[in-house]
Amino acid sequence: MKKFLTALLCAIVLAASAVGISACNEGKSGAITVYVPDGAPALAIAQLMCYNADFGKDVEYHVVSSEEITSHVTYGDMAKNADLCVLPVNAASKLLGNGEKYKMLGTVTHGNLYLVSATYKAKIEVATELSGKKVGVVNMAAFPGAVTKLLINKYSVEGVTLEGVAATQVTGVDSQYDYFVIPEPAATTRINNANLNLKLAGSMQQLYGEGGYPQAVLVAKNSLIESEPEFIAQFMGAMESAANWLTQDSVSAQMIFNAVKSGYADPENTTPAFSAANLTKPVIDHCAIRFEKSMSCKQAVKSFIDELKAAGDGAATAVSDNFFYIN
């Protein structure tokens, strides 16, 4: 019922921008399943969830934690796995990079990691300014840790101490850390809490250079690509326009928040990665949401994966050309 009401609200208020999107039936067996981690990737499909977009099929949208997302492409029984899934690019390379079960349709986000600090107010402009500092990294074992290590390796930063921290440990109150690496929109949520005494201290994308890097990617089962090519084309087309929808004046933060929340298995007892109050247009801009088809981003993805590999710790695995869906 919550999903229906959310879809209905969005359809009433934003009907003018809903070209090609229609409401679908809920909870039917045999539905095409779409899984996305909470945070910036979930924002990337918020429009689709708002309208419960079905493209003439039965489609179910699911928002899960970043820690859970990889489980939805790794069940031994492929029938239990997501039909479409948004994953960090390094996780996709390690789990699906041979292209035998899934193919990458495109990149979804292009870097949403930021440095925050209570100790240092001036923004870091170059990676070497992290020399000799102690840095707490949210999701150290996942993509944020991999990118932090990549920067240290790429720019030969010396004497940095890295430690994994939970998002709740990102605070300037009696903190032992000089900086924290944390993704948007969680970064702004922490900064806006005046009791935590934190300031924005830099952009990992700026430190990396080259306009950022591919972060989250959309993959689809080969079986779905083969059996439903028209649906795949329509879904990709909707992904290309979904980023613009987020910044339209007629789209409120509360509408986006409600759309994402509708994808939770237990909306009433799930703590979102962001709040409507903190979901401003600048924060959305910081999430670097932009769908780019594999045809256009294939080489950038392969080059970035090579950099992650060079940084060590098995952060990524080389992918085959068969991994990319070129349409």
Side-chain angles (χ1 to χ4, degrees), residues 34-50 61-73 82 84-92 107-116 136-148 164-170 180-193 198 200 203-205 212-219 239 242-243 245-247 253-267 270-291:
V34 183
Y35 279 82
V36 59
D38 202 357
L43 294 179
I45 66 165
Q47 183 186 24
L48 280 65
M49 290 189 288
C50 181
Y61 294 95
H62 303 272
V63 179
V64 300
S65 69
S66 57
E67 293 80 13
E68 180 187 336
I69 191 64
T70 57
S71 68
H72 294 286
V73 295
L84 296 111
C85 190
V86 177
L87 295 164
V89 65
N90 61 325
T107 49
V108 174
T109 64
H110 300 262
N112 67 318
L113 298 176
Y114 290 84
L115 288 157
V116 300
V137 183
V138 177
N139 287 335
M140 180 70 176
F143 186 86
V147 169
T148 305
V165 297
T168 54
Q169 293 177 274
V170 179
F180 295 95
V181 175
I182 182 171
E184 283 283 28
T188 294
T189 300
R190 303 300 287 178
I191 291 169
N192 286 353
N193 185 336
L198 291 166
L200 179 65
S203 162
M204 298 293 277
Q205 294 68 236
Y213 41 77
Q215 182 165 342
V217 299
L218 174 66
V219 300
M239 289 292 292
W245 178 83
L246 291 169
T247 57
Q254 190 64 52
M255 292 173 63
I256 298 170
F257 177 83
N258 289 344
V260 172
K261 193 170 183 178
S262 73
Y264 301 146
D266 184 7
T270 302
T271 301
F274 56 89
S275 68
N278 289 330
L279 194 60
T280 63
K281 301 304 182 185
V283 169
I284 292 172
D285 184 62
H286 275 186
C287 291
I289 297 166
R290 182 181 76 256
F291 184 74

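Note that the structure is predicted; figures quoted are calculated from it, not measured. For this chain, numbers begin at 1 and follow the sequence in order.
Minimum interatomic distance between Ala92 and Val217 (heavy atoms only, all atoms of both residues): CB-CG2, 3.8 Å. Annotation for Pro214 and Phe143: closest pair O-CZ, 4.0 Å, computed over non-hydrogen atoms. In terms of heavy atoms, Phe274 sits closest to Leu279 at CE1-CD2, 3.8 Å. Closest of all the heavy-atom pairs between Ala40 and Pro185 is N-CD, 3.9 Å. Taking each heavy atom of Met239 and Val108 in turn, the nearest pair found is CE-CG2, 4.0 Å. The two residues Cys85 and Ala82 come nearest to each other via the heavy atoms CB-CB, 4.1 Å.
Rounded to the nearest 0.5 Å, atoms OH (Tyr213) and OG1 (Thr109) are 9.0 Å apart. Note that OH of Tyr114 and CD1 of Ile191 are 10.0 Å apart. Values are rounded to the nearest 0.5 Å. Rounded to the nearest 0.5 angstrom, Thr189 OG1 and Ile182 CD1 are separated by 8.0 Å. Summarising the geometry, atom CD1 belonging to Ile289 is positioned 4.5 Å from atom CG belonging to Leu43; distances are rounded to the nearest 0.5 Å. The line from OG1 of Thr148 to CG of Leu113 is 7.0 Å long, rounded to the nearest 0.5 Å. Phe291 CZ to Ile45 CD1: the interatomic distance, rounded to the nearest 0.5 Å, is 12.0 Å.
Using a 4.5 Å heavy-atom threshold, the side chains of Thr270 and Val63 count as separate. With contacts defined as side-chain heavy-atom distances shorter than 4.5 Å, the pair Ile69/Val86 does not qualify. Residues Val138 and Val165 are in side-chain contact: their nearest non-hydrogen atoms beyond the backbone lie under 4.5 Å apart. Considering only heavy atoms from C-beta on, Tyr264 comes within 4.5 Å of Asp38 through its side chain. Considering only heavy atoms from C-beta on, Cys50 comes within 4.5 Å of Trp245 through its side chain. For the pair Tyr35 and Leu87, the minimum side-chain heavy-atom distance is 4.5 Å or more.
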For this session: Carefully, step by step, assess Ile256 and Leu246 under the rule side-chain contact (heavy atoms from CB on, under 4.5 Å).
Result: CA-CA 7 Å; Ile256 298 170; Leu246 291 169; 3.8 Å; yes
For this session: Verify side-chain contact (heavy atoms from CB on, under 4.5 Å) between Met204 and Leu115, making sure each step is shown before the conclusion.
Result: CA-CA 7 Å; Met204 298 293 277; Leu115 288 157; 4.0 Å; yes
For this session: With side-chain contact (heavy atoms from CB on, under 4.5 Å) as the test, would you mind laying out the steps for Asn139 and Glu67 before giving the verdict?
Result: CA-CA 9 Å; Asn139 287 335; Glu67 293 80 13; 3.4 Å; yes
For this session: Just do the side-chain contact (heavy atoms from CB on, under 4.5 Å) check on Thr280 and Thr188 with the steps written out, would you?
Result: CA-CA 9 Å; Thr280 63; Thr188 294; 5.5 Å; no
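Judged as a salt bridge (charged side-chain N to carboxylate O under 4.0 Å, His left out), and not counting sequence neighbours, Arg190 has no contacts. For His110, the side-chain hydrogen bond (donor to acceptor under 3.5 Å, both in side chains) partners are Thr107, Arg290, not counting sequence neighbours. By the side-chain hydrogen bond (donor to acceptor under 3.5 Å, both in side chains) test, Gln169 pairs with no residue at all, sequence neighbours left out.
Each of Glu184, Gln215, His286 was scored for a side-chain hydrogen bond (donor to acceptor under 3.5 Å, both in side chains) with Asn112, with one residue passing: Gln215.
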